[in-house]
Amino acid sequence: MSVKRKATFLHKLASSLCEACEFDFNAKYGELGFNYIECHYRTPLAEYTSTSKTTINDLALVCSNCHRMLHRKTDTLVVEGLRRLIAS
Ligand SMILES: [Zn+2]
Ligand SMILES: [Zn+2]
C-alpha cells in the first residue's frame, strides 16, 4: 500500500461516523468518542479468494450496535439494508 493510500485509509479509520445509523461519536462524545468505530467487511470473508485484495471500499465503518445487528442474521445484512431498516 502506498503512503498516500495508507494515509487515506487511516483517515477513514479515524472517522467516528457510523455508516448505518449516521451517529457521530466524536460529535456527541467529543474526544472520548474519537475513533469509536468498528470495521465491517461488506463482502463476507468466505467469498474472498486468495487473489482478492481488500480495498477501502470493502470496509464499512459502523458503530458497535449496528455491527452486532449486521451479524445477527446468518445471511449477513448489508449496511444499506440496515440503513433502510433504521429509516423505516
Ligand atoms: Zn450505527
Ligand atoms: Zn462485521
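Numbers for residues simply follow the sequence, beginning at 1. Start at 1 and go down the list; that is how both ligands and their atoms are numbered.
A distance-only check finds a donor-acceptor pair linking the side chain of Glu19 to the backbone of Leu61 [under 3.5 Å].
Between Leu59 and Tyr41, the closest side-chain pair of non-hydrogen atoms falls below 4.5 Å. With contacts defined as side-chain heavy-atom distances shorter than 4.5 Å, the pair Cys66/Ile86 qualifies. Proximity of Ile37 to Leu17: side-chain heavy atoms (C-beta onward) are nowhere separated by under 4.5 Å. With a 4.5 Å cut-off on side-chain heavy atoms, Phe34 and Ser16 count as touching.
Legend: protein N/O/S atoms lying under 2.8 Å from the Zn ion (ligand 1), waters omitted, number 4.
Aromatic ring pairs are classed by plane angle as parallel below 30°, tilted from 30° to 60° and perpendicular above 60°; the pair His40 and His67 is perpendicular.
The Zn ion (ligand 2) is the vertex of the angle joining ND1 of His40 and NE2 of His71, which measures 100° to the nearest 10°.
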